[in-house]
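Beneath this line is the structure, given in structure tokens, with notes to follow.
Note: hydrogens, waters and symmetry copies are ignored here, and every other heavy atom, side chains too, is used.
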Amino acid sequence: MTALVSSPAIHSYAIDQARSERLSAQAGQRKTGDAAKTAQDFEAFFLTQFFEFMSKDLKTDGLMGGGQAEATWRSFLNDQYGREMARGRGIGIADMVYDQMLKMQEAQS
């Protein structure tokens, strides 16, 4: 047993093999992780635009209205709504985009 472990040829081959397998697994996870993140970002952008469209005609004046400040900060609130909704269950856009991205990557390989 000691001869196998101390043999430089076998030892370096095992290390190279393990390193190669680990790097290829990490690359696959990174590509998959990047694709999932991009798909989620796309859904968040879509939902943000959806909320912007829904809230564009809301009045900000009146007794309890926020006036100009409310109108100014509403886009930030809508952006956060979109990001949180996409980070949760979302509405399914990220899943569809992710599947299409993987299909495109497989077609390129």
Side-chain angles (χ1 to χ4, degrees):
M1 183 71 170
T2 309
L4 281 176
V5 173
S6 63
S7 173
I10 294 174
H11 184 66
S12 66
Y13 174 76
I15 290 174
D16 290 343
Q17 187 69 20
R19 183 178 297 137
S20 174
E21 289 175 9
R22 186 179 69 240
L23 289 175
S24 65
Q26 287 175 348
Q29 289 174 351
R30 188 173 342 125
K31 286 181 184 177
T32 304
D34 289 347
K37 174 78 169 98
T38 302
Q40 183 180 1
D41 288 347
F42 180 80
E43 183 171 11
F45 174 77
F46 177 84
L47 290 169
T48 297
Q49 295 303 308
F50 179 76
F51 288 123
E52 286 287 333
F53 182 75
M54 282 180 24
S55 65
K56 74 177 184 174
D57 290 330
L58 290 177
K59 304 283 189 256
T60 59
D61 54 354
L63 181 62
M64 299 300 284
Q68 186 63 31
E70 183 178 343
T72 302
W73 290 97
R74 181 172 287 144
S75 65
F76 291 104
L77 180 63
N78 289 332
D79 183 53
Q80 197 61 35
Y81 282 155
R83 289 177 189 272
E84 288 298 316
M85 195 167 174
R87 194 173 64 153
R89 286 187 51 199
I91 59 173
I93 294 174
D95 295 333
M96 291 185 282
V97 169
Y98 177 74
D99 290 341
Q100 290 300 313
M101 290 172 72
L102 290 183
K103 286 177 186 177
M104 290 173 58
Q105 285 180 354
E106 289 173 0
Q108 290 177 351
S109 298

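Without hydrogens or angle criteria, Glu43 side chain to Ile91 main chain gives a donor-acceptor distance under 3.5 Å.
In the hydrophobic clustering of this structure, Tyr98 does not group with Phe45; members are Ile, Leu, Val, Met, Phe, Trp, Tyr whose side-chain heavy atoms approach within less than 4.5 Å, directly or through other members. No continuous path of hydrophobic side-chain contacts links Leu102 to Phe42 [ILVMFWY only; heavy atoms under 4.5 Å].
A side chain to side chain donor-acceptor pair (under 3.5 Å) check over residues 85-97, counting only residues at least two apart or in different chains, returns the pairs Glu84-Arg87.
Between atom CE of residue Met96 and atom CD of residue Gln100 there is a gap of 9.5 Å, rounded to the nearest 0.5 Å. To the nearest 0.5 Å, atom CD of residue Gln80 and atom OG1 of residue Thr48 are 9.0 Å apart.
Ring geometry for Phe76 against Trp73 counts as tilted: the plane angle lies between 30° and 60°, on a 0 to 90° scale.
Considering only residues two or more places apart in sequence or on other chains, Glu70 meets the side-chain contact (heavy atoms from CB on, under 4.5 Å) condition with Thr60, Arg74. Partners of Phe51 by side-chain contact (heavy atoms from CB on, under 4.5 Å), not counting sequence neighbours, listed by chain and number: Leu47, Met54, Asn78, Tyr81, Met85.
Ionic pairing of Asp99 and Lys103 is not present here: no N-O contact between side-chain nitrogen and carboxylate oxygen is shorter than 4.0 angstrom.
Residues Ala94 and Ala39 approach most closely at O-CB, 3.3 Å, considering heavy atoms.
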